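One structure is given here, and the rest of the page talks about it.
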Amino acid sequence: MWQWIPIVLTLGIAYLFYWFTSIGITYQITTQRIKIERGVLSKAKDSVELFTIEHFDLHKPLGMRLAGYCVLRLRSSDTDFQTVSIYGIQNLESLADTLRECSLRERTRRRITSIIQP
């Protein structure tokens with residue numbers, strides 16, 4: 001019986017840590033930009049325009065895949081905010097496809113082309 005107490009305490013502390021971290025991140029995703037708000041007590045807000053996003057990476061680690069989640073990493077040409085990670089959202093794969101279409105639409109609307117270097 002006593003051997004289970006450290007296991008339960010460790011899992012409980014890990015659960016509280018990840019829960020506290022998850023309530024500290026808020027995403028607002030529109031057809032033109034992604035706004036990310038981090039923090040529980042003090043807040044930091046970041047925003048990335050969709051036309052600056054050049055590459056979409058979708059990662060599905062085993063634990064997240066079993067829970068029905070994945071991680072979307074966006075690489076941007078913006079020097080201040082080069083990588084954006086979005087996680088903890090259901091149906092993130094379909095959202096990634098929609099974001100890619102919106103990004104291409106914004107690039108076309110603004111007449112922006114990207115140069116791919118070998």
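Computed from a predicted structure; not experimentally measured.
- Atom CG of residue Leu72 and atom OH of residue Tyr27 lie 9.5 Å apart, to the nearest 0.5 angstrom.
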Audit row: Glu49, Arg110, side chain to side chain contact (heavy atoms under 4.5 Å, CB included) steps and yes/no: CA-CA 12 Å; Glu49 299 286 334; Arg110 295 174 187 243; 4.0 Å; yes
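- Nearest heavy-atom pair across Cys102 and Thr31 is CB-O, 3.7 Å.
- For His59 against Cys70, the heavy-atom pair with the smallest separation is O-CB, 3.2 Å.
- Of all non-hydrogen atoms in Phe56 and Leu74, the two that sit nearest each other are CD2-CD2, 3.1 Å.
- Here OG1 of Thr98 is found 10.5 Å from CG of Asn91. Values are rounded to the nearest 0.5 Å.
- Distance check: Gln32 CD to Phe51 CZ gives 10.0 Å after rounding to the nearest 0.5 Å.
- Checking side-chain atoms of Ser103 against main-chain N and O of Leu50 turns up a donor-acceptor pair under 3.5 Å.
- Counted within 6.0 Å of OH on Tyr87, heavy atoms from surrounding residues, nucleotides or ligands total 12 or fewer; the atom is thus considered open.
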Test side-chain hydrogen bond (donor to acceptor under 3.5 Å, both in side chains) applied to Ser76 and Thr52, step by step: CA-CA 5 Å; Ser76 172; Thr52 64; 3.0 Å; yes
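- Clustering ILVMFWY residues whenever any of their side-chain heavy atoms sit less than 4.5 angstrom apart, transitively, puts Leu11 in the very cluster that holds Trp4.
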From CA spacing to verdict: side chain to side chain contact (heavy atoms under 4.5 Å, CB included), Leu58, Arg73: CA-CA 6 Å; Leu58 199 60; Arg73 288 195 179 102; over 6 Å; no
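- Within the 4.5 Å cutoff, the side chain of Tyr69 has heavy atoms near those of the Gln90 side chain.
- The pair Lys60-Glu93 meets the salt-bridge criterion, with a side-chain N (NZ, NE, NH1 or NH2) lying under 4.0 Å from an Asp/Glu carboxylate O.
- You'll find the side chain of Leu95 reaches within 4.5 Å of the side chain of Leu92, heavy atoms only.
- With contacts defined as side-chain heavy-atom distances shorter than 4.5 Å, the pair Ile112/Arg107 qualifies.
- At least one side-chain heavy atom of Leu99 sits less than 4.5 Å from a side-chain heavy atom of Ile29.
- No chain of hydrophobic side-chain contacts below 4.5 Å, direct or via other Ile, Leu, Val, Met, Phe, Trp or Tyr residues, connects Trp2 to Val8.
- Between Gln3 and Ile7, the closest side-chain pair of non-hydrogen atoms is not below 4.5 Å.
- For Asp57 and Arg75, the salt-bridge test passes: some basic side-chain N is under 4.0 Å from an acidic carboxylate O.
- Residues Ile23 and Trp19 meet the side-chain proximity criterion, which asks for heavy atoms closer than 4.5 Å.
- Taking CZ of Arg33 as the start and CD1 of Ile53 as the end, the distance is 11.5 Å to the nearest 0.5 Å.
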